[in-house]
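Read through the structure below, which is laid out as structure tokens, and then see the notes.
Keep in mind that what you see is a predicted model, and the values were worked out from it rather than measured. Residue numbering restarts at 1 for every chain, and letters A, B, ... go by the order of the sequence lines.
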There are 2 protein chains.
Amino acid sequence: MTRVLVVDDEPQIVRALRINLKARRYEVETAPDGASALHAAAHHRPDLVVLDLGLPDMEGVEVIRGLRGWTGVPIIVLSGRAGSADKVAALDAGADDYITKPFGVDELLARMRAVTRRAQPGDEAGPVITIGAHTVDFSTRTVTGGDHEVRLTPREWELLEHLARHPGKLLSQYHLLQRVWGPQYGTETNYLRQYMARLRRKLETDPARPRHLLTEPAMGYRFAP
Amino acid sequence: MTRVLVVDDEPQIVRALRINLKARRYEVETAPDGASALHAAAHHRPDLVVLDLGLPDMEGVEVIRGLRGWTGVPIIVLSGRAGSADKVAALDAGADDYITKPFGVDELLARMRAVTRRAQPGDEAGPVITIGAHTVDFSTRTVTGGDHEVRLTPREWELLEHLARHPGKLLSQYHLLQRVWGPQYGTETNYLRQYMARLRRKLETDPARPRHLLTEPAMGYRFAP
DNA sequence: CAGCCGCGTCAAAAACGCGTGAAGAAACCC
DNA sequence: GGGTTTCTTCACGCGTTTTTGACGCGGCTG
């Protein structure tokens with residue numbers, strides 16, 4: 001189920017969107033201002049953000065930048081201002097689409113489908129990988145093969161997904177912490193050590209000498225297919 | 001350079017877009033109708049399609065479907081019709097964005113940047129250099145080729161990167177120390193001797209007679225491609 | 001031809017980062 | 001509400017990397 005974060009300070013719009021989106025089987029979170037939007041995004045990891053630019057506490061563009069600093073989640077901007085400069089600023093800050101009020105709900109829904117459709121497959125590299133004797137399917141979040149059943153916790157899934165999404169690429173500890181734990185993390189390398197060890201114990205045939213979940217000392221980690 | 005295919009049957013719009021896009025250093029192809037648009041897309045493989053819905057020969061949605069049958073190229077739709085149903089149909093057929101006329105060129109350009117930004121990261125090619133039998137990729141920080149695996153430490157990477165960034169240029173010891181070790185360093189030439197020797201041992205075919213990591217006595221070091 | 005400077009090399013000390021175990025805190029699920 | 005899973009936090013040992021010091025060789029210079 002797609003999680004949507006709706007950021008708007010006008011209760012009636014929030015309410016209307018919530019009803020409409022829930023009817024379409026979206027999972028809806030809401031935030032009334034920029035600060036709580038950034039917080040909610042870090043906490044709930046939405047698959048899509050619908051952002052009203054007229055927020056009480058900060059510039060909409062700042063919210064976009066705050067999100068883009070650590071996540072590539074699709075952002076659709078709602079705005080009462082139809083000016084060209086506003087649109088350009090928001091889009092160049094990292095927004096994926098810009099809709100001016102008043103707008104039709106049908107159109108918003110269609111644009112939501114469009115940006116999520118585009119964002120999904122960008123995470124390339126088929127949704128299944130193999131590590132040692134195990135086959136990992138990200139679409140169903142299941143691990144098959146191996147001697148006995150393997151279950152991964154949410155954090156473990158997220159970390160493994162980020163690694164597997166960029167096969168062969170070196171990902172810095174900071175980068176991984178930002179993406180998996182959230183924007184306020186970046187130096188807690190002990191978390192990474194902990195969870196990499198767990199993934200290796202669960203997936204690698206010889207956890208002491210990993211062949212797929214590799215450490216690049218002082219630099220980061222790498223997934224080798 | 002980004003290749004754009006502009007599909008429109010109104011010559012003045014095509015002309016205006018062509019001029020504007022060329023000024024922004026886009027490579028522009030044009031097609032006046034749906035059939036030739038599909039043909040041009042197959043032939044020229046554009047990175048982006050700007051598609052007017054009011055074509056003489058076929059429905060705009062059909063053009064989108066025809067493209068989506070075999071390519072994921074970003075599609076931005078231009079249309080005179082502002083109706084919600086039209087937008088939904090186009091977006092659900094596979095379009096990435098929908099702009100209603102009249103539109104500002106700035107907005108179109110911003111939306112073009114937004115959709116290409118999404119589509120880009122799939123096709124990236126990192127900067128690579130070759131030293132002896134080894135191929136060094138800085139984007140993934142990997143060394144391939146050669147007899148056995150080569151691993152570089154962070155300092156080694158940084159030093160090699162600074163050398164490779166200015167191929168053929170002479171870099172003084174002071175300059176390298178400042179860049180790699182930090183502003184408070186500049187006289188510790190023994191560090192450089194140490195690390196240059198290590199890089200040569202790891203990468204050069206004959207470390208005693210380096211062919212790429214060269215010493216310029218009393219002056220500095222040079223990377224020869 | 002002798003002296004000097006800079007470079008490559010070796011070796012050892014210091015610092016750093018990683019893996020691991022264990023335990024408390026928090027969240028979650030009946 | 002109790003029990004279990006999951007997450008966070010801390011500390012220690014070990015291997016690797018970095019730093020540091022010292023030595024010998026070779027070319028340039030006087």
(request) Keeping the roles fixed (side chain from B:Q178, backbone from B:P183), state whether a donor-acceptor pair exists under 3.5 Å. (result) yes

(message) As an exercise, state the distance from CG of A:L152 to CD of A:E161, rounded to the nearest 0.5 Å.
(response) 11.0 Å

(message) Show the nearest heavy-atom pair for residues A:V180 and A:R45, with the distance to one decimal.
(response) O-NH2, 2.9 Å

(request) Kindly give the heavy-atom pair with the smallest separation between B:A95 and B:V77, and that separation in Å. (result) CB-CG2, 3.6 Å

(message) Quick test of your reading: applying side chain to side chain donor-acceptor pair (under 3.5 Å), list the pairs with at least one residue in residues 80-90 of chain A, sequence neighbours left out, ordered by first then second residue.
(response) A:K87-B:E107

(request) Give me the bend of the helix from C:dC1-D:dG30 to C:dC30-D:dG1, using the axes of the five pairs at each end, rounded to 10°. (result) 30°

(message) Just to verify, which of B:R111, B:R113, B:R118 counts as forming a salt bridge (charged side-chain N to carboxylate O under 4.0 Å, His left out) with B:D97?
(response) B:R111

(request) Name the first nucleotide and the last nucleotide along DNA chain C (5' to 3') that come under 4.0 Å of a heavy atom in chain B. (result) C:dG6 to C:dA11

(request) Using a 4.5 Å cut-off on heavy atoms from C-beta on, say whether the side chain of B:L163 contacts that of B:L176. (result) yes

Look for any protein N or O under 3.5 Å of an N or O in nucleotides 11-14 of chain D and output each such pair with its distance, or none.
none

(request) Would you check if the side chain of A:D57 reaches a backbone N or O of A:A35 as a donor-acceptor pair within less than 3.5 Å? (result) yes

(request) Enumerate the residues from residues 209-218 of chain B whose closest heavy atom to DNA chain C is under 4.0 Å, giving them by residue number; use none for an empty result. (result) B:T215, B:P217, B:A218

(request) Could you pull out the closest heavy-atom pair between A:F103 and A:I99, with the gap in Å? (result) CB-CG2, 3.5 Å

Look for any protein N or O under 3.5 Å of an N or O in nucleotides 25-30 of chain D and output each such pair with its distance, or none.
none

(message) Within the 4.0 Å heavy-atom criterion, would you say A:E156 contacts the bases, only the backbone, or no part of the nucleic acid?
(response) nothing

Which pairs of donor and acceptor atoms, one on a side chain in residues 7-14 of chain A, lie under 3.5 Å apart (sequence neighbours left out)?
from, atom 1, to, atom 2, distance (Å)
A:D8, OD1, A:E10, N, 2.9
A:E10, OE2, A:K101, NZ, 3.2

(message) What's A:Q194 touching, base or sugar-phosphate or nothing? Going by heavy atoms closer than 4.0 Å.
(response) base

(message) So which atom in A:M112 and which in A:T116 form the shortest heavy-atom distance, rounded to 0.1 Å?
(response) O-OG1, 2.7 Å

(request) Go through the steps to decide whether A:L108 and A:N20 satisfy the test side-chain contact (heavy atoms from CB on, under 4.5 Å), and finish with yes or no. (result) CA-CA 11 Å; A:L108 173 62; A:N20 267 288; over 6 Å; no

(message) Rounded to whole Å, how long is the line connecting atom CE of A:M219 with atom P of D:dT16?
(response) 17 Å

(request) Heavy atoms only: give me the nearest A:A37-A:L5 pair and the separation to one decimal. (result) O-CD2, 3.7 Å

(message) Using 0.5 Å steps for rounding, measure from the NE2 atom of B:H134 to the OG1 atom of B:T144.
(response) 9.5 Å

(message) I need the minimum non-hydrogen distance between B:Y185 and B:Y174, along with the two atoms involved.
(response) O-CE1, 4.5 Å

(request) Return yes if some donor-acceptor pair links the side-chain N/O of A:E188 with the main-chain N/O of A:G186 below 3.5 Å, else return no. (result) yes

(request) Just grab all the side chain to side chain donor-acceptor pair (under 3.5 Å) pairs involving residues 66-80 of chain A, residues at least two apart or on different chains. (result) A:R68-A:D96, A:S79-A:Y98

(message) Is the phosphate of D:dC7 approached by A:W181 (side-chain N or O, under 4.0 Å from OP1 or OP2)?
(response) no

Under 3.5 Å donor-acceptor pairs involving side-chain atoms of residues 218-225 of chain A, not counting sequence neighbours:
from, atom 1, to, atom 2, distance (Å)
A:R222, NE, A:E216, OE2, 3.1
A:R222, NH1, A:G168, O, 2.6
A:R222, NH1, B:T140, O, 2.8
A:R222, NH2, A:E216, OE2, 3.3
A:R222, NH2, B:T140, O, 3.2
A:R222, NH2, B:R141, O, 3.0

(request) Would you give the length of the straight line joining atom CG of B:L192 to atom CD of B:Q194, rounded to the nearest 0.5 angstrom? (result) 10.5 Å

Give the table of side-chain donor-acceptor pairs shorter than 3.5 Å for residues 205-213 of chain A, with sequence neighbours excluded, one pair per line with atom names and distance.
from, atom 1, to, atom 2, distance (Å)
A:D206, OD1, A:A208, N, 3.2
A:D206, OD2, A:R209, NH2, 2.9

Interface polar pairs with nucleotides 2-6 of chain D, N/O, under 3.5 angstrom:
from, atom 1, to, atom 2, distance (Å)
D:dT6, OP1, A:R151, NH2, 3.2

(message) Short of 4.0 Å, heavy atom to strand atom, which residues of residues 159-173 of chain B count as contacting DNA chain C?
(response) B:Q173

